[in-house]
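Below: one structure, written as structure tokens.
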Amino acid sequence: MNLPADNIIEARGLTKRFHGFAAVSEVDLDVRRHSIHALIGPNGAGKTTFFNLITKFLAPSEGTIRYNGDDITAESPARVARRGIVRSFQISAIFPRMTVAENVRIALQRPLGTSFRFWQSESTLDRLSERVDELLDAVGLGAWRDQSAAGLPYGRKRALEFATTLALEPELMLLDEPTSGLGSEDVDRIADLIRKVSANRTILMVEHNLSVVARLADTITVLARGKVLAEGAYADVSADPRVIEAYIGGEE
Ligand SMILES: Nc1ncnc2c1ncn2[C@@H]1O[C@H](COP(=O)(O)OP(=O)(O)OP(=O)(O)O)[C@@H](O)[C@H]1O
Ligand SMILES: [Mg+2]
């Protein structure tokens, strides 16, 4: 059999202009199914804008996006979320006065999730509690389940955001700087968690911490000034003189 490469995302000629300024410019980018794909680049490179195009929070000025082979360029954010494209740290706000477990329960019953109808039915309310516990165990928050979310240490809040995102059963999970603001112990814990939840799903992440990128990413795309500068495995990309130059130039 001669199957084409199994890409979950295929972006072609993707461009987003703000008042004539191209924040994302003619980007071609494939994300391989079940990979961890990192998007890196200097501040202002267009990484978050690219995410917003994939989740449809922004409409592209030009170009197309295919998801599982379907053209989703004109679809609404709600529709692509139902398809399984879920961005963490944005949709999954934490309700501080609720307990940790209640936050996960609410996420499971959220209308965005593909499994929404399932969790609404009376017969599954017992299963719902089980699923809450499963998700809390998966992110290491079992011991915190009945604490208020507001009282969680910062790194654990991020783990809770993970649980509420996982509740939506994303097929493609987008993480925008998942380790930002964390101390080194929490960075390690979240990196382990990303590795763990990457089983059977695809992860596209923007990450400034290059040791996390080196450890996790199968493929890295470097953006600079809205364009793809380089792409490949960490060893290749990090040795690329254009990438080094863009990073040094970006610090000025
Ligand atoms: N809504 C907007 N209106 C106008 N300009 C915007 C808008 N959003 C982003 N930009 C500009 O587009 C460029 C890319 O921004 P973006 O946030 O995508 O960069 P980034 O790679 O995520 O940077 P960072 O690493 O700092 O998060 C920047 O120059 C930014 O000022
Ligand atoms: Mg950004």
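Read the numbers this way: they start at 1 and go in the same order the structure lists the ligands and their atoms. Here the structure is a predicted model, which is why all the values come from computation and not from measurement. If you read the sequence from its start, that first residue is 1, and numbering goes on from there.
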(message) Any protein heavy-atom neighbour for atom 4 (C) of ligand 1 (distance below 4.0 angstrom)?
(response) yes
Judged by modelled atom types alone, do [X] and [Y] share a side-chain donor-acceptor pair under 3.5 Å?
X	Y	value
Lys16	Ser61	no
Tyr67	Glu10	no
Glu161	Ser88	no
His37	Thr202	no
Gln147	Thr99	no
Asn52	Arg87	yes

Give me the nearest non-hydrogen protein atom to [atom] as residue plus atom name, then the distance to 0.1 Å.
atom	value
atom 26 (O) of ligand 1	Asn43 ND2, 2.9 Å
atom 12 (O) of ligand 1	Ala23 CB, 3.2 Å
atom 18 (O) of ligand 1	Thr49 OG1, 2.6 Å
atom 1 (N) of ligand 1	Phe18 CE2, 3.4 Å
atom 17 (O) of ligand 1	Thr48 CB, 3.8 Å
atom 27 (O) of ligand 1	Glu177 OE2, 3.6 Å
atom 14 (C) of ligand 1	Gly44 O, 3.3 Å
atom 25 (O) of ligand 1	Lys47 NZ, 2.8 Å

(message) Regarding ligand 1, does Gly41 bring an N or O atom to under 3.5 Å of one of the ligand's N or O atoms?
(response) no
Is [X] close enough to touch ligand 1? Criterion: a residue heavy atom under 4.0 Å from a ligand atom.
X	answer
His208	yes
Phe21	yes
Gly46	yes

(message) Taking Arg195 first and then Asp192, would you say they form a salt bridge - that is, a charged N and a carboxylate O separated by under 4.0 Å?
(response) no
(request) Determine, for Glu130 against Arg127, whether the closest basic-nitrogen to carboxylate-oxygen distance falls under 4.0 angstrom. (result) yes
(request) Could you tell me whether the Mg ion (ligand 2) has an N, O or S atom of Thr48 under 2.8 Å away? (result) yes
